[in-house]
Amino acid sequence: MRIVITAGGTREYIDPVRFMSNASSGRMGCALARAALNAGHKVTLITAPTAQKPPSKAKIVNVETAAQMFEAVKKHFSRCDCLMMAAAVADYTPVRKAAHKIKKAEGRLVITLKPTKDILQWASRHKKEGQILVGFALESENLRRNAAEKLKAKNLDMIVANNPSAIGRDRSAVHVKVRGGPWMEYHPASKGIIARRLIRQISHLVSGIS
Ligand code: CTP
């Protein structure tokens with residue numbers, strides 16, 4: 001399969017040197033890329049800045065913002081068999097990016113944000129027969145309920161849900177649901193092991209094994 005994987009937390013710039021981001025380390029996206037390559041797939045890794053060393057056999061596309069990630073996914077989506085959105089994409093971005101570094105002034109600084117494009121939502125509207133969409137959900141409450149809603153709302157084939165305690169860590173415990181199937185719990189393990197299981201699960205999806 002040709003698999004497109006996104007990784008890392010996007011950066012939304014306020015001015016040329018300041019941005020809003022999140023605590024995503026990019027570990028899960030890189031681990032997925034490695035696992036997919038080891039399983040014989042072709043991988044395009046679209047990654048926001050991370051401290052991870054991406055696997056050298058993947059095609060790497062470096063991006064920073066949610067808008068750039070969206071453009072990169074749009075460019076590579078039509079030729080892929082599977083899109084795995086492991087990136088923590090910002091839901092909001094500043095309405096304006098100041099052209100120059102914002103100077104300190106008296107009183108409060110108010111930054112107005114506007115929603116970003118939902119990349120998975122776009123992909124689900126443009127997907128062709130047989131293309132597989134995998135979403136990730138980070139939920140601090142009602143994990144399975146909220147993640148199942150995302151699976152439905154974004155018309156995904158599979159969702160991987162975890163709790164914010166996994167962010168930035170090497171280990172994770174995830175809950176996985178394939179559309180129409182029951183929840184599966186992957187016990188705590190390194191993100192490398194979890195990634196291998198997820199890639200195997202996708203192969204089962206393709207071959208019709210649940
Ligand atoms: N995602 C996306 N485009 C966005 C935001 C998120 O494609 N602009 C993807 C993420 O990469 C992830 C999935 O959607 O695979 C769920 O992301 P999450 O932030 O948990 O969900 P949201 O739909 O943004 O909902 P909320 O933040 O309110 O929980």
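In this text, all values refer to a predicted model and were calculated from it rather than measured experimentally. Remember, it's 1-based here, ligands and their atoms both numbered in the order they're listed.
Of all non-hydrogen atoms in A36 and V43, the two that sit nearest each other are CB-CG2, 3.5 Å. Residue S21 comes nearest to T10 through the heavy atom pair OG-O, 2.9 Å, listed as atom of the first residue, atom of the second, then distance.
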Check: residues 147-160 side-chain donor-acceptor pairs under 3.5 Å, at least two apart:
from	atom 1	to	atom 2	distance (Å)
K150	NZ	E139	OE2	2.5
K154	NZ	D118	OD1	3.4
K154	NZ	D118	OD2	2.7
N155	OD1	R179	NH1	3.1
D157	OD1	R179	NH2	2.7
D157	OD2	K127	NZ	3.1
D157	OD2	L133	N	2.7

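Within 4.0 Å of ligand 1, counting heavy atoms only, the contacting residues are M85, A87, V89, A90, D91, T116, K117, D118, I119, L120, G135, F136, A137, L138, K150, K154.
Listed for the N22 side chain is a donor-acceptor partner under 3.5 Å among the backbone atoms of A88.
Under a cutoff of 6.0 Å and an axis angle of 45°, K74 and F77 do not form a cation-pi pair.
Hydrophobic clustering (ILVMFWY, side-chain heavy atoms < 4.5 Å, transitive): I60 and L32 are in one cluster.
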